[in-house]
Student: 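Below: one structure in structure tokens.
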Protein chains: 2
Amino acid sequence: MEQIKKLLDSKQIRPTVQRMKILKCLSEKKGHLTVDTIYEIIRKEIPTMSKTTVYNTLSSMAEVGIVVPIVITGKEARYELNTVQHHHFFCERCAKVIDIEVQCDHFCKGEINGHKINELHGYFKGVCKNCLTPEKGRKL
Amino acid sequence: MEQIKKLLDSKQIRPTVQRMKILKCLSEKKGHLTVDTIYEIIRKEIPTMSKTTVYNTLSSMAEVGIVVPIVITGKEARYELNTVQHHHFFCERCAKVIDIEVQCDHFCKGEINGHKINELHGYFKGVCKNCLTPEKGRKL
DNA sequence: TTATAATTTGTAAGCAATACAACATTGTAA
DNA sequence: TTACAATGTTGTATTGCTTACAAATTATAA
Ligand SMILES: [Mn+2]
Ligand SMILES: [Mn+2]
Ligand SMILES: [Zn+2]
Ligand SMILES: [Zn+2]
């Protein structure tokens, strides 16, 4: 919580209640949250919370690199705190997003075929371990 | 053109005029086309063409693996013919999508951390070679 | 040809995301 | 403290991509 405030200070973003809550969500729930999920969680504590604020906050946070948007399905964006580079696994059955630690050579380069790289995104689609197990799976 | 018909036959999809045109678009323009782009191109020849048909066709083609949807921006999907595995580079300045040949170890595996892999997607975001060159760039 | 199935079309509806202006809060300077 | 500007939040309207659905058209089979 104090961490979050420091994070915002470092980027010269005023730590408002709404912004803090949004980041707290991402840090506690360990990311990959949709805007609506964040909105619904916070609304329980702050009934006046506006979804627009969630959108605005995440946009500005993404611009300064505090959070990163994850676009996989094309339906809705997800967000997570910007930590170390990693890939994602999207389960086509339960729609869960799972972190995949993977060292990709192209990370460091910063350039490929003459094109300047700012971001790198990698993700797999398939069926997650949990959904593969007959006893435990069949969540959907 | 005859190639395309064979492709559809192999998947037992009837090669209608609309379906052929859509695939011809993707093969001639070398992919990465939005639904709307395809729709506008074909509409010049077939004024009655429906955008719904473009959506329906691309969806069913994607299901059988003839085309693959490319989701990068979260705004609109793009499509390309399913060829060899490759990554993409998205230029944040001119919005162009460029093929990147890259051999990723995780292709073949078919599995990672116990999760079954069906698809792999990788893309870079940044500024393309063309937009980097001052004389030639500044397209936007 | 006639019946039946598959495909296409046009419109309505869904829904994430953005635009925008009113309202509220905070910071700054008298 | 008060006044005022700057910043942040909220609610609603609007946009734009995508899907749902039923009518119309076309292809296939009898
Ligand atoms: Mn992650
Ligand atoms: Mn490509
Ligand atoms: Zn799963
Ligand atoms: Zn470019």
Student: Please give, in whole Å, the distance from dA16(C) P to K75(A) NZ?
Tutor: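 To the nearest whole Å, that distance equals 5 Å.
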
Student: Is a side-chain N or O of T57(A) found less than 3.5 angstrom from the main chain of V54(A), in a donor-acceptor match?
Tutor: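 Not at all, since once roles are kept as given, no pair shorter than 3.5 Å links the two residues.
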
Student: Starting at atom CD1 of I42(B), determine the distance to atom C1' of dT9(C), rounded to an integer number of angstrom.
Tutor: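 That distance rounds to 14 Å.
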
Student: Check the pair H32(B) / D99(B) against side-chain hydrogen bond (donor to acceptor under 3.5 Å, both in side chains), numbers first and verdict last.
Tutor: CA-CA 9 Å; H32(B) 313 137; D99(B) 285 336; 2.9 Å; yes

Student: Are the side chain of N82(B) and the backbone N or O of G65(B) linked by a donor-acceptor pair below 3.5 Å?
Tutor: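 Yes, the answer is positive, given that a donor and an acceptor are paired below the 3.5 Å cut-off.
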
Student: Listed by chain and number, what are the side-chain hydrogen bond (donor to acceptor under 3.5 Å, both in side chains) partners of T34(A), not counting sequence neighbours?
Tutor: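 Result, side-chain hydrogen bond (donor to acceptor under 3.5 Å, both in side chains) vs T34(A): T37(A).
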
Student: Taking atom P of dC17(D) as reference, at what distance in whole Å does atom OH of Y79(B) sit?
Tutor: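 About 13 Å, once rounded to whole Å.
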
Student: Report, as a single string ordered 5' to 3', how protein heavy atoms within less than 4.0 Å touch nucleotides 3-15 of chain D: B base, S sugar-phosphate only, - not at all.
Tutor: ----SSSBBB---

Student: Report the distance from atom OH of Y55(A) to atom P of dC15(C), rounded to the nearest whole Å.
Tutor: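 Rounded to the whole Å, the gap is 13 Å.
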
Student: Can you check the D36(A) CG to dA17(C) P distance for me, whole Å?
Tutor: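 From D36(A) CG to dA17(C) P: 10 Å.
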
Student: Answer yes when R43(A) and E40(A) have at least one side-chain N-carboxylate O distance shorter than 4.0 Å, and no when they do not.
Tutor: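 Salt bridge present between R43(A) and E40(A).
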
Student: Expressed in angstrom and rounded to an integer, what is the separation of I72(B) atom CD1 from dC17(D) atom C1'?
Tutor: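 One finds 17 Å between C1' of dC17(D) and CD1 of I72(B), rounded.
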
Student: Provide, to the nearest angstrom, the distance between the CD atom belonging to E76(B) and the P atom belonging to dC17(D).
Tutor: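 Distance, rounded to whole Å: 6 Å.
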
Student: Could you state the atom-to-atom distance from CD1 of I38(A) to P of dA17(C) in whole Å?
Tutor: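 Distance, rounded to whole Å: 11 Å.
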
Student: If you round to the nearest 0.5 Å, how far is SG of C91(B) from CD1 of I98(B)?
Tutor: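 Between atom CD1 of I98(B) and atom SG of C91(B) there are 6.5 Å.
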
